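See below for the structure under consideration.
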Amino acid sequence: MEKQFKTLDDFLGTHFIYTYDNGWEYEWYAKNDHTVDYRIHGGMVAGRWVKDQEADIVMLTEGVYKITWTEPTGTDVALDFMPNEKKMHGTIFFPKWVEEHPEITVTFQNEHIDVMEEAREKYDTYPKLLVPEFATITYMGDAGQNNEDVIAEAPYKGMTDDIRTGKYYDSNYKRIKK
Ligand SMILES: C=Cc1ccc(O)cc1
């Protein structure tokens, strides 16, 4: 995808894969102007995936986008995308309990919101673990807004390579089911 990003509309509906400088690989989709989906392929909570997370999404200046949200786990996230430079910066504010029990969050969160809410009450929040990192964008796809096929199953080993090599979505950005 070699388009130049200028407006907020250029950004909405875009699907990204990126690797943070600490080696963590994430996949993230700007589903619409207030919703994001994501899958985590590498790092402390690899295997976690989430659909329909409400988020604030704005364009700061031409081609630069800021997304912020707070999760049912108590984790807060701030992402800054500079897609024209194939770069982004993410800051994740993990509650202490996620650092100590990451495995509780490694699931399809949508089916376990009650588990996240119970854990955030039961375990410690502070001190929080701050993870601020730049990342290199390794894939951008024009999935269109509200495409439920973009993030539709758990991450598996080799998935991001399948996506990057064009084996995962068809020409209408629908999942090629295995
Ligand atoms: C905790 C979620 C999360 C999603 C995307 C990203 O780049 C960082 C954190």
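If you read the sequence from its start, that first residue is 1, and numbering goes on from there. Indexing begins at 1, ligand by ligand and atom by atom, following the structure's order. Atoms considered below: every heavy atom in the structure, side chains included; atoms not considered: hydrogens, waters and symmetry mates. From a predicted model like this one, the values you see are computed outputs, not experimental measurements.
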Residue-ligand contact Trp69/ligand 1, heavy atom below 4.0 Å:
yes
When you measure from the heavy atoms of Arg48 to every atom of ligand 1, does any distance fall below 4.0 Å?
no
N or O pair under 3.5 Å between Tyr18 and ligand 1
yes
Taking distance alone, with N or O pairs closer than 3.5 Å, would you say Tyr20 contacts ligand 1?
yes
Would you mind running through ligand 1 and noting each atom that sits below 4.0 Å from a heavy atom of Ile92?
8 (C), 9 (C)
Ligand-side contact atoms (ligand 1) for residue partner Leu79, heavy atom cut-off under 4.0 Å:
6 (C), 7 (O), 8 (C)
Ignoring hydrogens and geometry beyond distance, is a side-chain donor-acceptor pair present between [X] and [Y] at under 3.5 Å?
| X | Y | value |
| --- | --- | --- |
| His112 | Asp114 | no |
| Trp69 | Glu71 | yes |
| Tyr29 | Arg39 | no |

Hey, is the main chain of Phe5 close enough, under 3.5 Å, to the side chain of Asn84 for a donor-acceptor pair?
yes
Check Val50 against ligand 1 and report side chain, backbone, both or neither, counting heavy atoms closer than 4.0 Å.
neither
From the options Gln53, Gln109, Arg48, select the one residue that forms a side chain to side chain donor-acceptor pair (under 3.5 Å) with Tyr38.
Arg48
Considering non-hydrogen atoms of the protein only, which is the closest contact for atom 5 (C) of ligand 1, and what is the distance?
Tyr26 CD2, 3.4 Å
Do Phe16 and Phe11 have ring centres separated by under 6.0 Å?
yes
